[in-house]
Amino acid sequence: MAIDASLIEADANKQNSTPKEDWDAASIDPADAPRAVREYLETLDEAAFGAASEVQPKFTSHSDPASQWTAARKGPAFFSYSDNYLIDTDHGVIVDVEATRSIRQAEVGSTKTMLDRVKTRFDLHPQRLIADTAYGTGPMLGWLVDRKIAPHIPVFDKSGRSDGTWSRADFKWDAESDQYVCPEGQALKQFRRNYSDPNRGPSSEGRAKYRALKLTCQACPSKQKCCPNADARSITREEHEDARQVARDIAKTKQYDISMKLRKKVEMLFAHLKRILGLGRLRLRGPCGANDEFLLAATAQNLRKLAKIFPAPQQMRKA
Ligand code: SF4
């Protein structure tokens with residue numbers, strides 16, 4: 001299966017909106033509010049909408065406050081919803097669809113919702129999931145690997161260095177000894193003694209720090225290439241690093257190259273949705289309105305696809 005999201009403009013305008021400094025959701029009386037505003041209030045705690053991020057949007061629409069003010073298309077900003085598709089890459093059939101806020105956390109969160117739903121409804125469990133870098137975060141990869149779904153996803157990794165010095169990828173992970181080995185063959189360890197203090201373990205976010213010995217680094221001929229501004233080299237190991245490594249190893253396979261081509265099938269469905277079905281802007285407001293329109297459009301796309309896969313039997317003319 002493959003997953004992706006696309007922005008669809010909401011039926012909302014900037015002229016009818018409020019900047020974040022002046023927006024006060026608590027002052028809205030639900031009894032007096034239109035349906036789209038009531039839905040906004042009802043979805044404030046949902047992971048796909050209000051709870052997806054604590055960052056307040058720059059502007060909030062009065063007519064459709066659940067829509068997201070976004071400049072993600074690198075052009076002028078607008079209010080939008082994200083249309084999320086989970087597709088079967090063998091046939092290009094959409095197996096699930098979900099409307100979310102147009103922010104990465106909500107789009108990535110919809111992956112879990114949709115994969116769980118197709119498992120419950122259709123007993124479908126993909127061997128692999130194909131997606132772009134936005135889905136390659138540690139927690140997402142960890143979630144997939146735990147469920148035995150191979151992540152054909154580029155790893156979202158900020159550990160690369162732009163100054164030419166060695167990055168984390170240049171150090172070898174030795175799981176058995178719980179240490180990294182640097183290109184000079186020296187060990188970077190988390191602990192060099194047995195500590196009884198539990199605070200010396202990984203941080204609350206699951207990060208652990210591995211350090212080389214100061215004496216070793218000071219005498220190392222590669223110090224300039226490794227840690228020119230520090231006494232000794234240290235490396236942070238993020239939570240879900242094992243799952244990241246699974247994704248990195250998959251990225252070296254031929255199947256991964258095929259997967260990256262198959263990913264285009266979702267993009268083609270979004271292009272068809274906008275250009276041929278003309279869904280560039282929503283007509284309905286609120287999360288339910290967006291969900292209904294996305295579901296109907298995906299159904300139309302599937303019917304078209306299924307008609308091609310299973311053509312109607314030819315009627316025999318009577319003599
Ligand atoms: S500076 Fe330290 S960590 Fe870096 S290569 Fe040399 S010994 Fe290894």
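Computed from a prediction, not measured in an experiment: that's the story for all the values here. The figures here come from the full heavy-atom set of this structure, side chains too, leaving out hydrogens, waters and symmetry mates.
Ile153 contributes atom CD1, which lies 5.0 Å from atom CG of Leu129 (distance to the nearest 0.5 angstrom). Once rounded to the nearest 0.5 Å, the distance linking CG of Leu273 with OG of Ser6 reads 7.0 Å. Note that NZ of Lys214 and CZ of Arg211 are 13.0 Å apart. Values are rounded to the nearest 0.5 Å. Atom CG in Asp249 sits 12.0 Å away from atom OH in Tyr256 (nearest 0.5 Å). Rounding to the nearest 0.5 Å gives a distance of 10.5 Å between OG1 of Thr60 and CG of Asp22. Here the CG atom belonging to Leu296 is positioned 11.0 Å from the CG atom belonging to Leu277, to the nearest 0.5 angstrom.
Seen from the ring of Phe59, Lys14 counts as a face-on cation partner, given the 6.0 Å and 45° thresholds. For the pair Arg104 and Phe156, the cation-pi criterion (under 6.0 Å, within 45° of the ring axis) is fulfilled.
Under a 3.5 Å cut-off, the side chain of Arg147 and the backbone N or O of Trp143 do form a donor-acceptor pair. Side-chain atoms of Glu293 come within 3.5 Å of backbone N or O of Arg283 as a donor-acceptor pair. Using a distance-only test at 3.5 Å, with no hydrogens or angles considered, no donor-acceptor pair links the side chain of Asp174 to the main chain of Tyr180. Under the 3.5 Å distance criterion, the side-chain polar atoms of Lys225 are matched with a main-chain donor or acceptor of Gly164. Proximity of a side-chain donor or acceptor of Asp170 to a complementary backbone N or O of Ser167 within less than 3.5 Å is detected. Not a single donor-acceptor pair under 3.5 Å links the side chain of Lys254 to the backbone N or O of Ile258. With hydrogens and angles ignored, the 3.5 Å screen pairs no side-chain donor or acceptor of Asp96 with any backbone N or O of Val118. Although no hydrogens or angles enter the test, the distance criterion places a donor-acceptor pair under 3.5 Å between the side chain of Gln218 and the main chain of Asp231. Side chain of Ser177 to backbone of Gln179: no donor-acceptor contact under 3.5 angstrom is found. Between the Asp64 side chain and the Gly286 main chain, a donor and an acceptor come within less than 3.5 Å of each other.
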Salt bridge (Lys or Arg N to Asp or Glu O under 4.0 Å) between Glu241 and Arg248, intermediate numbers included = CA-CA 10 Å; Glu241 195 56 38; Arg248 283 190 200 105; 3.1 Å; yes
Go through Ser102 and Trp69 one step at a time and tell me if the side chain to side chain contact (heavy atoms under 4.5 Å, CB included) criterion holds.
-> CA-CA 8 Å; Ser102 296; Trp69 179 254; over 6 Å; no
Under the salt bridge (Lys or Arg N to Asp or Glu O under 4.0 Å) criterion, do Lys261 and Asp257 qualify, and how do the steps go?
-> CA-CA 7 Å; Lys261 287 181 189 143; Asp257 296 338; over 6 Å; no
Arg128/Ser259 under side chain to side chain contact (heavy atoms under 4.5 Å, CB included): CA gap, chis, key distance, verdict | CA-CA 9 Å; Arg128 60 186 82 103; Ser259 295; 4.2 Å; yes
Take Tyr210 and Trp173 through the ring-ring contact (aromatic ring centres under 6.0 Å, His included) test and state the conclusion after the steps.
-> CA-CA 11 Å; Tyr210 291 78; Trp173 172 242; 5.6 Å; yes
Given the rule in the side chain to side chain contact (heavy atoms under 4.5 Å, CB included) test, do Asp116 and Met114 qualify, once you have shown the distances and angles that lead to the verdict?
-> CA-CA 5 Å; Asp116 282 344; Met114 293 196 285; over 6 Å; no
Does the side chain to side chain contact (heavy atoms under 4.5 Å, CB included) test come out yes or no for Thr70 and Phe79, once each step is laid out?
-> CA-CA 6 Å; Thr70 177; Phe79 287 106; over 6 Å; no
Verify salt bridge (Lys or Arg N to Asp or Glu O under 4.0 Å) between Arg101 and Glu107, making sure each step is shown before the conclusion.
-> CA-CA 7 Å; Arg101 258 174 90 177; Glu107 292 169 356; over 6 Å; no
Arg237 vs Asp242, salt bridge (Lys or Arg N to Asp or Glu O under 4.0 Å): CA-CA, chis, key distance, verdict | CA-CA 10 Å; Arg237 185 171 172 85; Asp242 293 340; 2.7 Å; yes
Show the numbers, then the answer: is there a side-chain hydrogen bond (donor to acceptor under 3.5 Å, both in side chains) between His62 and Thr18?
-> CA-CA 7 Å; His62 297 170; Thr18 297; 2.5 Å; yes
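Heavy-atom neighbours of Lys189 NZ from other residues, nucleotides or ligands within 6.0 Å: above the threshold of 12. Other residues, nucleotides and ligands place no more than 12 heavy atoms under 6.0 Å from the CD atom of Gln127. The number of heavy atoms from other shown groups lying within 6.0 Å of CG (Leu215) does not exceed 12. Met260 CE: more than 12 foreign heavy atoms inside a 6.0 Å radius.
Minimum heavy-atom separation, Ala212 to Cys217: CB-SG, 3.5 Å. Here the closest heavy-atom approach between residue Ser63 and residue Val37 is recorded as O-CG2, 4.5 Å. Ala99 and Asn84 get closest at one heavy-atom pair: C-ND2, 4.3 Å. Counting all heavy atoms, side chain and backbone alike, Ala106 lies closest to Ala48 at CB-O, 3.6 Å.
Phe78 and Phe49 sit in two unconnected hydrophobic clusters of ILVMFWY residues. Membership requires side-chain heavy atoms under 4.5 Å apart, directly or through other members. Note on Phe270 and Val93: separate hydrophobic clusters, where clusters join Ile, Leu, Val, Met, Phe, Trp and Tyr whose side-chain heavy atoms are under 4.5 Å apart, directly or indirectly. Hydrophobic clustering (ILVMFWY, side-chain heavy atoms < 4.5 Å, transitive): Phe294 and Ile3 are in distinct clusters. Under the 4.5 Å side-chain heavy-atom criterion for grouping Ile, Leu, Val, Met, Phe, Trp and Tyr, Ile8 is not connected to Ile103 through any hydrophobic cluster. Residues Leu279 and Val266 fall within the same hydrophobic cluster, defined by Ile, Leu, Val, Met, Phe, Trp and Tyr side chains chained together at heavy-atom separations under 4.5 Å.
At a threshold of 4.0 Å, the pair Asp123-Lys119 counts as salt-bridged, since one of the basic side-chain nitrogens sits closer than that to a carboxylate oxygen. Between Glu42 and Arg38 there is no salt bridge, since no side-chain nitrogen of the basic residue lies less than 4.0 Å from a carboxylate oxygen of the acidic one. Using a 4.0 Å cut-off between a side-chain N of Lys or Arg and a carboxylate O of Asp or Glu, Glu184 and Lys223 do not qualify as a salt bridge.
A 4.5 Å side-chain heavy-atom check between His125 and Ile149 finds at least one atom pair inside the cut-off. No side-chain heavy atom of Leu86 sits less than 4.5 Å from a side-chain heavy atom of Ile94. In this structure the side chain of Asp4 reaches within 4.5 angstrom of the side chain of Asp132, judged on heavy atoms. At least one side-chain heavy atom of Arg233 sits less than 4.5 Å from a side-chain heavy atom of Leu188. Within the 4.5 Å cutoff, the side chain of Met1 has no heavy atoms near those of the Thr89 side chain.
Partners of Arg285 under the side-chain hydrogen bond (donor to acceptor under 3.5 Å, both in side chains) rule, at least two apart in sequence or in another chain, are Asp11. The side-chain hydrogen bond (donor to acceptor under 3.5 Å, both in side chains) check on Thr165 picks up Arg161, Asp163, with sequence neighbours excluded.
Identified under the side chain to side chain donor-acceptor pair (under 3.5 Å) test for residues 295-305, with sequence neighbours left out: Tyr85-Gln301, His272-Gln301.
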